[in-house]
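Throughout, a chain's letter reflects where its sequence line sits, starting with A, and its residues are numbered from 1. Quick caveat, the model's predicted, so the values are computed rather than measured.
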Protein chains: 2
Amino acid sequence: MENSRTGQGGKAGYHHGDLRNALIGAGLELATDGGPGKVVLREVARRAGVSATAAYRHFAGQGELLHAVKMEAQQMLADAMERVAAGLPGDGDPGVAAERRLVGIGRGYVGFALEHPGLFRTAFHHATAGEEEDAGWGGVTSVAGNPEFRSYNMLSAALDELLAAGRMPAANRPGAEAAAWSTAHGVAMLILDGPMARLSQRDRDGVIERSIDTIVAGLLVPREHPAGA
Amino acid sequence: MENSRTGQGGKAGYHHGDLRNALIGAGLELATDGGPGKVVLREVARRAGVSATAAYRHFAGQGELLHAVKMEAQQMLADAMERVAAGLPGDGDPGVAAERRLVGIGRGYVGFALEHPGLFRTAFHHATAGEEEDAGWGGVTSVAGNPEFRSYNMLSAALDELLAAGRMPAANRPGAEAAAWSTAHGVAMLILDGPMARLSQRDRDGVIERSIDTIVAGLLVPREHPAGA
DNA sequence: AGGTCAGTGTTGACGTCGTTAACATTCCAT
DNA sequence: ATGGAATGTTAACGACGTCAACACTGACCT
């Protein structure tokens, strides 16, 4: 990471020196334990050792501040996925390796969500009307070409390899990112805030594995496709 | 439903007569356009034509009010799924019918989410620390036996039929609810608040169909299962 | 060097929100 | 009819987001 968000970079004078990053950092702290709702402008400013209104020199309002925190949370999620995928053995068979990678990415995604629920919820927080026009994610199409959206691109690459290795029927390729991402996102959300919230650790893990296995199986098996898609 | 939430049931005197339901009704209005964040106690009371503090005679605070609204939103979601499933042709082949029902339930789920984003977000809203102890959903195990959780039970029943009709390998049955639900929930969420937010109507529909088809294919195809599950 | 001015931070105030305490009205059981 | 439980009201507090007005700092221009 290039930013010195954690460092007490600036001197202690009237001018902070790195206030914008300090605010985002404090916001991340709050988001980490408490989710998006806890990212309160006044408290963020307090933690940065600055008056509340100072934040307005760097953000249009708390909506924009929260948005910045949200973007950062998204980056952290992508980092987590990348780390998991990087630590995987490069098997001899490229098809097997690709499948392993796909599963790994999914595990990393859900793992991040369970380890950092507040950040995960923040990364997908929906701005209430009036908060901030949410240019958070682009469309999938624009995402595809955008180097920023690493999470999407990692997934895409793994699927491409699966196809290239002949493990996935070509007809299954289009829209595969959406299906895979949806399942991972869904398990995470349902465990976090939904009907599976009270599962034991063991059951959670089982559900996660089962869901990932199922969607991967669905991606790999040949099937008829309706006309048009 | 037995409650007269919409009717102006009570007389217009000092005592409202049906305030609790009136408050929930107003809360649902706010949630419908604006999501959980817009369910503001004072505004809810205002809409019910009553002072803000009157709400405290019926709810411990805005957290509990929001919780009640959340429960109602969950019921509406289940209703929507039920309606879709009910309107499906009962094919001759029970296996085909079951699969159709499964797909229909998924479409109903996602359809509700896209038609009523505010209500859907409210149904899965996570109470920020301090708001309300979220006994919203039971665990999946307790859900299974609880007649209240119609959405889960509908899904479960469809899967059972699929198994009974011999269209799904028995080894795939355990955890199938979680996988199916996860995918549906995931697409909905990703379209609502995630990276697929800017898709065209056409692309959305394609993504939804593709995701549902994929998870169903994964549920139906025989595969090896790791020991232990 | 001295002056100026954009950038950055501060104070004070306003309106809204959730919540509590104290008080008022109405309903119902006796 | 009456007394208490249920239900609603007003007044006030502290926290929040935001705005307007003011203050400090530093970099640039002569």
Rounded to whole Å, please give me the gap between CG in Leu66(A) and P in dT18(D).
11 Å
Nearest-neighbour nucleotide for the Arg42(A) side chain, dT10(C), dG8(D), dG17(D) considered
dG17(D)
Ignoring hydrogens, what is the shortest heavy-atom contact between Leu119(A) and Ala73(A)? Give both atom names and the distance.
O-CB, 3.6 Å
Arg46(A) side chain N/O closer than 4.0 Å to the phosphate oxygens (OP1, OP2) of dC16(D)?
yes
Heavy-atom closest contact (Leu162(B) atom, Ala98(B) atom, distance)
CD1-CB, 3.5 Å
In this structure, how many angstroms lie between the C1' atom of dG18(C) and the NE2 atom of His67(B), rounded?
19 Å
Taking every heavy atom of Ala158(A) against every heavy atom of Ile105(A), the minimum-distance pair comes out as CB-CD1, 4.2 Å
Out of dT19(C), dC16(D), dG8(D), minimum distance to the side chain of Leu41(B) belongs to dT19(C)
For DNA chain D, the residues among residues 29-38 of chain B that have a non-hydrogen atom under 4.0 Å from it
none
Separation of dT10(C) P from Leu19(A) CG (nearest whole Å):
8 Å
Check the orientation of Phe120(B) and Tyr109(B). Use parallel for under 30°, tilted for 30 to 60°, and perpendicular for over 60°.
perpendicular
Should His58(A) be listed as having a side-chain N or O under 4.0 Å from OP1 or OP2 of dG7(C)?
no
As a test of reading the structure: which of dG17(D), dT11(C), dA22(C) is closest to the side chain of Ser51(A), going by heavy atoms?
dT11(C)
Which heavy atom of Met81(A) sits nearest to which heavy atom of Gly108(A), and what is that distance?
CG-C, 4.3 Å
Between the side chains of Thr183(A) and Thr183(B), is a donor N or O closer than 3.5 angstrom to an acceptor N or O?
yes
Between dG15(C) atom P and Glu43(B) atom CD, what is the distance in whole Å?
18 Å
Separation of dT16(C) P from Gln62(B) CD (nearest whole Å)
18 Å
Nucleotide nearest Arg57(B) when distance is taken to its side chain, options dA22(C), dT18(D), dG18(C)
dA22(C)
Respond yes when some side-chain nitrogen or oxygen of Tyr56(A) is under 4.0 Å from OP1 or OP2 of dT18(D), and no when none is.
yes
Decide side-chain hydrogen bond (donor to acceptor under 3.5 Å, both in side chains) for Gln75(A) and Asp79(A); before the verdict, give the C-alpha distance in whole Å, the side-chain angles of both, and the deciding distance to 0.1 Å.
CA-CA 6 Å; Gln75(A) 292 300 321; Asp79(A) 289 347; over 6 Å; no
Rounded to whole Å, how long is the line connecting atom CZ of Arg20(B) with atom P of dG8(D)?
13 Å
Suppose we call a contact any N or O donor and acceptor under 3.5 Å apart; does that hold for the side chain of Thr53(B) and the base of dT10(D)?
yes
